[in-house]
Every structure is written in structure tokens, then in C-alpha cells.
Amino acid sequence: MKLKNTFVLIMTVLLVCACKTSPFTGKKTLNFVSNDQLFPMAFQQYDAFLSENNVITGTADANMVKSVGEKIAVAAERYLTALGEPGYLQDYRWEYNLVRDEAVNAWCMPGGKIVVYTGILPITQSETGLAMVMGHELAHALADHGAQRMSAAQLQQYGAVATAVAVSGQDQSKQQQIMQLYGVGSQVGGMLPFSRSHETQADEIGIVIAAIAGYNPDEAAELWKRMKAASGGQAPPQILSTHPSSDSRIANLTAKAPMARAEAAKFGVTSFK
């Protein structure tokens, strides 16, 4: 009973802390980390990363990263204004950099600091492919996914502490068994699905923003076909992954492309690169 009451308390805390409304879904999100807390840390970490890595400037690829980033950021502002959030990006400090690294990766820190690795360019293949990647990464920042992951990780830690207290009267072997079950259960049943939902949401927001910026949303699914081929099928089962499977993403992005075109049309965008 004590353990059951602990989990009820944890769920209550989860509901109480779901205190910020997403402009994209209109639903409450788990987020108790403010931009005032998060952005300065992100900006500092971004500057440190750039100082420790090989940032490429002045090349055609570097200029393309900046150009696409600027177009995507403008499209994001237009989209959020249409959603009734004209001041949503006022604290963002956009920056777009290409870094020499063979990893197939790109990311956007909270507050709009974007890095693209050279290793992903053979897969993006074009400005439009790059726009799909950057739209996705920017969407993570717009949807406060960094803050939500921090909030969820804190609650997972609080849950571990509460569980440890709840089973403190059990023998040592039983305590260890329950704590192991909590660790696996909270990860596989909580944190990993939470992360996968973020990836899916970023795909769906990103494809719309890229379309508003004038990029063909059909390219998003084609990009993920190339990503799947480049991975050689080496991926963990979806249930054990932070990301949806490539097949799931391809199917979802294919289904969402007409919606992205329709959203872009609301902004007068009817032809695409």
C-alpha cells in the first residue's frame, strides 16, 4: 500500500507540474524549467562547443546552412504568429553553424542555436533535404523539448527517491529488486516513449515550418529513406529506442506531407524547392 501511495503521489506531481501550454497542440506539457533558466546555459554550452570544434565558414555548404537556417527561422516566426504567439521567439538568439564532423547528426539547443555536422550532408543531398533536417531540429527547440526532458528526468529521480523510501522497510534483496524494476519500468515505460513522442512531434512541426519556408514537404520522407539506407538497418527495437523506427517516420512523414502543403498555402506558399 505504501508503494502504491508513492506512485499515486508521483502521478499527482506529474499532473501538477504540467504547467505550460504548447502553441502547437493547445495541450498542457510537462515543463517547469523556464527559458530564463535554460537559455543562458544553452548559449554558454553552444559557445563552448564551437570553441572546441572545427567550425566551417565561407564555403558553399556553410553558407547554405546559414541561408536555410534564416529561412526556417522566418517561417517559424510567421507560423507562431498565426498560432497567436507573436512574441514567442523574442528571447531566441538564432545562430547556424556547420561543423566538420563525420557523425550523421544535427541539433538545435534551446533558444535557437543550431549545429549541422558535415557527416549528414551526403544524406541531405540538397538544400531541401537540409531544410527538413534543420526544420526538425528547430522544432525541438520551439516545442520546449529540452526543458521537458529536463523536467521528466528530475521527476524520474524524485520517483527513485520516493520508491527507495517506500521500500526501506523491506529486506535488502527485495529493495534492490524493486529499485531495478522501477529503473527499467520508468525508462522503458516512461522516458523512452516520452522521447519518441518528441521526435514524432518535431517531425510534424518541422515539416510544416519547412514547407512554409518554401521547401517541398515530400522530401522529408525521402530523407528518411536515405537515413535508413545509410544506417544499414542497424537500429535497436523501437520500444528500446529514443527515436521512432525509420519505417514509422517514413510512413508518418508521407502522411503529413499533404497537411504541410495545406498549411503552407495559408501563407501564400504554393510552389516548393
Side-chain angles (χ1 to χ4, degrees), residues 35 38-80 88-143 145-146 199 202-203 205-231 253 260 264 267 269 271-273:
N35 289 348
L38 192 56
F39 284 11
M41 291 189 296
F43 298 161
Q44 185 178 21
Q45 290 171 7
Y46 187 80
D47 289 342
F49 175 87
L50 294 182
S51 69
E52 296 167 1
N53 288 271
N54 185 357
V55 180
I56 300 172
T57 60
T59 68
D61 285 340
N63 291 339
M64 179 173 64
V65 167
K66 290 186 182 296
S67 175
V68 171
E70 289 167 357
K71 292 174 184 176
I72 293 289
V74 169
E77 186 162 6
R78 295 180 70 194
Y79 187 40
L80 282 159
Y88 194 88
L89 301 175
Q90 64 182 2
D91 295 325
Y92 279 61
R93 300 292 180 265
W94 297 109
E95 194 170 346
Y96 327 95
N97 283 287
L98 178 65
V99 167
R100 190 175 303 283
D101 192 308
E102 291 309 305
V104 179
N105 198 15
W107 42 265
C108 180
M109 282 190 166
K113 302 291 189 177
I114 296 177
V115 161
V116 175
Y117 291 1
T118 53
I120 204 170
L121 296 182
I123 298 174
T124 59
Q125 293 186 353
S126 67
E127 182 179 338
T128 301
L130 179 62
M132 296 303 144
V133 169
M134 295 182 72
H136 170 90
E137 299 303 336
L138 176 144
H140 278 306
L142 299 183
H145 288 165
E199 293 300 325
D203 280 347
I205 296 170
I207 195 175
V208 170
I209 291 173
I212 294 170
Y215 295 103
N216 185 354
D218 294 335
E219 176 63 16
E222 296 304 313
L223 168 72
W224 272 98
K225 291 176 185 178
R226 297 194 295 272
M227 292 283 278
K228 179 183 177 182
S231 72
L253 287 165
F267 297 85
V269 180
S271 61
F272 303 95
K273 295 182 181 179

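Being a predicted model, the structure only gives us computed values, none of them experimental.
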Worksheet item: How many angstroms lie between CG in Leu142 and OH in Tyr88, if you round to the nearest 0.5 Å?
Response: 6.5 Å
Fill in: Nearest atoms (heavy-atom pairs only) where Leu50 meets Val115
CD2-CG2, 4.3 Å
Worksheet item: Under a 4.5 Å cut-off applied to non-hydrogen side-chain atoms, are Ile123 and Val104 in contact?
Response: yes
Fill in: Heavy-atom check, side chain of Tyr215 versus side chain of Leu130, under 4.5 Å
no
Fill in: Validation row: Val116, Thr124 side chains within 4.5 angstrom (heavy atoms)
no
Item to complete: Determine whether Gln125 and Glu222 make a side-chain contact, defined as any pair of heavy atoms from C-beta on separated by less than 4.5 Å.
Response: no
Discussion item. For a 4.5 angstrom cut-off between non-hydrogen side-chain atoms, does Leu223 reach Val133?
Written reply: yes
Discussion item. Could you check whether any side-chain heavy atom of Met134 comes within less than 4.5 Å of a side-chain heavy atom of Glu137, counting everything from C-beta outward?
Written reply: no
Worksheet item: Can you check whether Val99 reaches Phe49 side chain to side chain, under 4.5 Å on heavy atoms?
Response: yes
Item to complete: Report yes if some heavy atom in the side chain of Thr128 is under 4.5 Å from a heavy atom in the side chain of Phe272; otherwise report no.
Response: no
Worksheet entry | Closest non-hydrogen atom pair, Ala75 against Ile209 | CB-O, 3.4 Å
Worksheet item: Once the angle between the rings of Phe39 and Tyr92 is folded into 0 to 90°, is it parallel (under 30°), tilted (30 to 60°) or perpendicular (over 60°)?
Response: perpendicular
Worksheet, complete the sentence: Of all heavy-atom pairs linking Ala76 and Leu138, the shortest is CB-CD2, 4.0 Å
Worksheet item: For the atom pair OH (Tyr117) and CG (Asn53), what is the distance rounded to the nearest 0.5 Å?
Response: 6.5 Å
Item to complete: Please name the pair of heavy atoms, one in Ala139 and one in Gly206, separated by the smallest distance, quoted to 0.1 Å.
Response: CB-N, 3.8 Å
Item to complete: Give, for atom CD of Glu127 and atom OG of Ser67, the distance between the pair rounded to the nearest 0.5 Å.
Response: 5.5 Å
Fill in: side-chain contact (heavy atoms from CB on, under 4.5 Å) between Leu121 and Asp61, worked out
CA-CA 9 Å; Leu121 296 182; Asp61 285 340; 3.6 Å; yes
Discussion item. Using a 3.5 Å distance criterion without hydrogens, assess whether the side chain of Lys113 forms a donor-acceptor pair with backbone atoms of Arg93.
Written reply: yes
Worksheet item: Atom OG1 of Thr118 and atom CG of Asp101: how far apart are they, to the nearest 0.5 Å?
Response: 6.5 Å
Practice prompt. Drop me the distance from Leu98's CG to Ile114's CD1, to the nearest 0.5 angstrom.
Written response: 12.5 Å
Worksheet item: Between CZ of Arg226 and OG of Ser231, what distance do you get to the nearest 0.5 Å?
Response: 13.5 Å
Response to the item:
In terms of heavy-atom contacts, Asp203 and Trp224 come closest through OD1-NE1, 4.4 Å
Worksheet item: What's the shortest heavy-atom distance between Ala211 and Ala260, and which atoms?
Response: CB-O, 3.7 Å
Item to complete: Specify whether His136 and His140 have parallel, tilted or perpendicular ring planes, treating 30° as the upper limit for parallel and 60° as the lower limit for perpendicular.
Response: perpendicular
Fill in: Distance-only side-chain donor-acceptor flag, Glu199 / His145, under 3.5 Å
no
